[in-house]
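Here's the structure, in structure tokens; my notes come after.
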Amino acid sequence: MKKLLITLILCLTFFFALATAEEGMYPISEIHKLDLQKKGLEMSPLEMYNPDGISLIDGICKVGGCTGSFVSKDGLILTNHHCAYGAVQRASTKKNDYLQNGFLAKTRGQEIPAKAYTVRITESYRDVSEEVLSAVSEKMDFAERTKAIEKRTKEIVKQAEKDNPGKRAEVSEMFIGKTYVLFIYTYLKDLRLVYAPPRSIGNFGGEVDNWMWPRHTGDFSFMRAYVAPDGSSADYSPDNVPYQPKRVVKVAPEGVNEEDFVFILGYPGRTYRHRTSHFLAYEEEIRMPYVVDWYQWQIDVMEKMGEKDRAVQLKHIGAIKGLSNTMKNYRGKLKGLKRMQLVDKKREEEKALEQFINSDPKRKNEYGSLLSEIDKVYKELREQADLILVLTYLRRSSQILSFASTVYEASIELQKDDLERKGAYMNRTFDRTKQRLTIGLKNYYVATDKIIFKKMLKRAAKLPEKLQIPAIKKLIGNKDPETAINEFFEKAYAQSKLYKKNILDEALKKSPKQVKKMKDPFIQLTIELYPTFEKFEEQGKARRGKLDKLYAKLIDVKKQFKTKDFIPDANRTLRLTYGRIRGYSPYDAVYMNPITSTNGVLEKSTGNEPFDTPAKLLKLIKAKDYGKFYHKKLDGVPVGILYNMDTTGGNSGSPVLNARGELVGINFDRAFEATINDYAWSESYSRSIAVDIRYVLWVTQKFGGATHLLKEIGVL
């Protein structure tokens, strides 16, 4: 099957531009075209990626929404602390507070199941663009087009999983509306926590340092993948055995130095570099400011609710971390968009493109209205923005409404044929959907949910008349909105029992008729809201269908205009990026060195969160008890490294690899200026951050007392 890999590039519509080597998240099919050895690579590209055999990519995996590396033959994975955060949080109690104190399994029997985590390893992929697009016709309206593509991709995935028992398949869109690739993954469902340092190391600096450089965060954790005794993928069982990866990524305890060549193999999330000024302007002026405001308000509420109760704090801590990360990321993006004047630059590019289009009658006939049609879509989006944003975050923000919505939607979707269902309710995914609900129940706190849901209902009640939601309008009636909402809440939260696992589990088995008979007030509200959500979803499909066609044509004409082809935007598929360990100047007369050390940990430590370094670690630093990880020039252990590689979300946990393909760091963040990477990349400001492998090993050995892990990975 791996022979299919080598044919991918022949099947894709475009060859990818290679001119600016440091910019780009390259599909692995491009590795052999990059001439990396001239850039500094000291291994054969075939050792990195071999379509006909085992290579370095077989040691790289997707861990939840992050990336990880297999660092031992017994399935030991090295990833970020914040990637394992959910597992640590769910295992923590007031009595056993692993988030605060850290966790170490001294034996494999003590390793804790990481509930809801899965591991994926890329096995093969092939172009399926013709198969996908054969499902659409010019006679279809835009919503029908989107639905046809969705259904065909489900059919392709179902057949691929039938042909590859035990594997997972996924179709990924490479260029919007144009190219689609089928990926086959090894899929592991039993992942366990092995070692996580305490919060004061793994999240040192907290939100103060998040998205910032210089950095002194020990953002790493060890996890282990397990399989059934016969080697097949299986849910957690005490009888399972460690997974044996095809390839182990060697750890290089000597680390790296400034200007060393490095590269990353990982699963970056989403980038939007091929979108237009209309998209960027909507992001800058409408969506991101709304999200920043809403997330900050929720964070403040959750922090206040947990001030005096660690048990409540533990329920909220994962949500706070996720919201804070996005919120600060968006602040950085907004600052970057303004600083770079990226919308104006895009508009200038589009003016030049329009001139090019209009200079030729044939091009003008085919592409003349292209940009104005895209503009029209975003103008319509702006007109409905207030309603769209309320509907988007209404169910996301209230857990109880989310529970109710899942129950009602499941009752409807499960009546359909599997391929006709929404993704969360298909046979292959419904167990995971139920598992996520169970996790949500564990973190549910009624007092907080009341405050957040009430705020969002008030926002919904204040929508302009033409955007009013019928169900909310009915709930309020002729009463004052504040009074009506308060009255509803007093009864609804008192009567609802959806937060009880047995009741929620039973509700998920009911038919639509049975669900409608339930007396639960949130179920009844969901039933009233459902037509609006369905209409909202249908409009979204139509909008996407139209933009898919327009963006596909945009790529075509830009290719003609720029006389080159493009790297597809990141889309959570395996990618390569490469560059150098390198500092930068974010401000006038300021230069940031690319390597920090334990001396900086000492300087930043205040004894108060988030700079409350454990006393044991401070003692080790002051005693200079560094062992083999001492760096003479820095007079300490290197902690963080900075480099000019092209990364985004999803690259968290990705291995930073030296010229020989050995692990020297674990990517976990970007500098504040580089949050704009999702939209644009530049050598001058795009810098990403990793925890240095020397700090990982030193903390694990000297602080954590996990010498057995260093022996397992071959360092001691």
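Keep in mind that the numbers below use all heavy atoms, side chains included, and drop hydrogens, waters and symmetry copies. Residues: numbered from 1 along the sequence shown.
- Ring-plane geometry between Y85 and H81 is classed as perpendicular, the angle between the planes exceeding 60 degrees on a 0 to 90 degree scale with a lower cut at 30.
- Electrostatic pairing of R582 and E258 does not count as a salt bridge here, judged by no charged N lying under 4.0 Å from a carboxylate O.
- For the pair E161 and R428, the salt-bridge criterion is met [side-chain N within less than 4.0 Å of a carboxylate O].
- In this structure E662 satisfies the salt bridge (charged side-chain N to carboxylate O under 4.0 Å, His left out) test together with K250, R660, sequence neighbours excluded.
- Using a 4.0 Å cut-off between a side-chain N of Lys or Arg and a carboxylate O of Asp or Glu, K604 and D209 qualify as a salt bridge.
- T598 places a side-chain heavy atom less than 4.5 Å from the side chain of W698.
- Judged purely by distance below 3.5 Å, without hydrogens or angles, the side chains of E111 and Y226 pair a donor atom with an acceptor atom.
- Taking a cutoff of 4.0 Å between a charged side-chain nitrogen and a carboxylate oxygen, K619 and D625 do not qualify as a salt bridge.
- Within the 3.5 Å criterion, the main-chain N or O of N651 finds a donor-acceptor partner in the side chain of N667.
- Between I621 and Y626, the closest side-chain pair of non-hydrogen atoms falls below 4.5 Å.
- With 3.5 Å as the limit, one finds a donor-acceptor pair spanning the side chains of T122 and Y267.
- For the pair R687 and Y643, the NZ or CZ position fails the cation-pi test of under 6.0 Å to the six-membered ring centre and within 45 degrees of the ring normal.
- Side chains of R575 and T573: a donor-acceptor N/O pair is present below 3.5 angstrom, by distance only.
- Using modelled atom types and a 3.5 Å distance limit, the side chains of R215 and T217 yield a donor-acceptor pair.
- Side-chain contact check for N210 and N325: at least one donor-acceptor pair (N or O, by modelled atom type) lies under 3.5 Å.
- Between the side chain of T648 and the backbone N or O of P268 there is no donor-acceptor pair closer than 3.5 Å.
- In K711, the NZ atom is not crowded: 12 or fewer heavy atoms of neighbouring residues, nucleotides or ligands sit closer than 6.0 Å.
- Looking at Q244 and D74, their side chains do bring a donor and an acceptor atom within 3.5 Å of each other.
- E712 pairs by the salt bridge (charged side-chain N to carboxylate O under 4.0 Å, His left out) definition with R108, R224, not counting sequence neighbours.
- Between Y117 and M223, some side-chain heavy-atom pair lies under the 4.5 Å cut-off.
- The residues D97 and K95 are annotated as not salt-bridged, no charged nitrogen and carboxylate oxygen being separated by less than 4.0 angstrom.
- Using modelled atom types and a 3.5 Å distance limit, the side chains of T707 and Q701 yield no donor-acceptor pair.
- Side-chain contact check for F263 versus L36: every heavy-atom pair is 4.5 Å or farther apart.
- At least one donor-acceptor pair closer than 3.5 Å links the side chain of T79 to the backbone N or O of T67.
- A donor-acceptor contact under 3.5 angstrom links the side chains of S652 and H82, judged on distance only.
- The existence of a salt bridge linking R572 and E170 is excluded, since no basic side-chain nitrogen approaches an acidic carboxylate oxygen closer than 4.0 Å.
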With side-chain contact (heavy atoms from CB on, under 4.5 Å) as the criterion, how do I57 and I28 come out once you've worked through the C-alpha distance, each side chain's angles and the decisive distance to 0.1 Å?
CA-CA 9 Å; I57 68 161; I28 56 172; 3.6 Å; yes
